[in-house]
Amino acid sequence: MCRDELVLIYPLSKKYILNPVVVTTRSGEEILKYFLFETKSGKLYEWTYFTENPPITDKENKGLHYGVIAMKELNTITKWNFSFNSLDDENFWSKFVFRKK
């Protein structure tokens, strides 16, 4: 997988799409952030479940594609990897993505 390819994570219905992306901070660090797109409304939100955003170039992540880092983070709350066509864990979407604080 090329670094420029998008990682799109969604349920079979594609009602919403989670997209981890590399963002460069003002200080020049590259961090991983997640954005959620609701297909029906066309609205885009930042998903902030993972509050710590270590630089993707830190010792633990050095050399890894950002999608692998996203996979490692997501696997702390659901089961997902690149072999999945969709992420149909309703508990993940309701409890971790759409849960109100």
Side-chain angles (χ1 to χ4, degrees):
M1 172 176 269
C2 160
R3 180 182 170 105
D4 296 334
E5 290 182 34
L6 290 177
V7 175
L8 301 177
I9 303 160
Y10 46 82
L12 191 59
S13 67
K14 296 185 183 174
K15 292 188 290 188
Y16 21 82
I17 300 168
L18 191 61
N19 180 209
V21 295
V22 176
V23 175
T24 304
T25 66
R26 289 184 179 137
S27 65
E29 288 183 317
E30 291 183 327
I31 61 172
L32 189 63
K33 290 198 174 240
Y34 295 82
F35 294 91
L36 179 74
F37 178 70
E38 287 185 318
T39 55
K40 187 175 183 179
S41 69
K43 292 185 178 182
L44 184 68
Y45 303 92
E46 182 177 355
W47 182 52
T48 57
Y49 179 81
F50 298 109
T51 55
E52 298 212 8
N53 299 101
I56 64 168
T57 54
D58 71 3
K59 286 181 183 178
E60 185 178 329
N61 297 324
K62 192 150 183 86
L64 292 179
H65 181 275
Y66 77 95
V68 174
I69 299 165
M71 184 178 68
K72 286 171 40 179
E73 287 186 334
L74 288 170
N75 275 288
T76 65
I77 55 177
T78 191
K79 184 177 180 183
W80 179 82
N81 65 51
F82 292 102
S83 70
F84 287 40
N85 291 326
S86 59
L87 177 50
D88 297 304
D89 177 357
E90 195 53 46
N91 185 57
F92 165 75
W93 293 106
S94 63
K95 185 176 177 183
F96 296 102
V97 178
F98 291 105
R99 182 179 177 178
K100 305 273 190 220
K101 288 185 178 183

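Throughout, residue positions are numbered sequentially from 1 according to the sequence presented.
For Asn19 (side chain) and Val7 (main-chain N/O), a donor-acceptor pair under 3.5 Å exists by modelled atom type. In this structure a side-chain-to-backbone donor-acceptor pair under 3.5 Å is present from Thr39 to Lys14.
Taking all atoms of both residues into account, the shortest heavy-atom contact from Ser86 to Pro11 is CB-C, 3.8 Å.
In this structure, OH on Tyr45 lies 4.5 Å from CD on Glu38, to the nearest 0.5 angstrom. With rounding to the nearest 0.5 Å, the separation of CD in Glu30 from OH in Tyr66 is 11.5 Å. Between Leu8 atom CG and Phe35 atom CZ the span is 13.5 Å, to the nearest 0.5 Å. Atom CG in Leu44 sits 10.5 Å away from atom CD1 in Ile17 (nearest 0.5 Å). For the atom pair CG (Leu87) and CG (Leu18), the distance works out to 8.5 Å, reported to the nearest 0.5 Å. In this structure, CG in Asn91 is found 5.5 Å from NZ in Lys95, a value given to the nearest 0.5 Å.
Using a 4.5 Å cut-off on side-chain heavy atoms (C-beta onward), Phe92 and Leu74 make contact. Residues Thr78 and Phe96 fail the side-chain proximity criterion, which asks for heavy atoms closer than 4.5 Å. Within the 4.5 Å cutoff, the side chain of Pro20 has no heavy atoms near those of the Ile69 side chain.
For the side-chain hydrogen bond (donor to acceptor under 3.5 Å, both in side chains) test, residues two or more places apart in sequence or in another chain that qualify with Glu46 are Lys33.
For Tyr49 and Tyr34, the ring centers are positioned 6.0 Å apart or more.
When each of Phe37, Tyr10, Phe98, Trp47 is paired with Tyr16, the ring-ring contact (aromatic ring centres under 6.0 Å, His included) condition holds for Phe98 and for no other.
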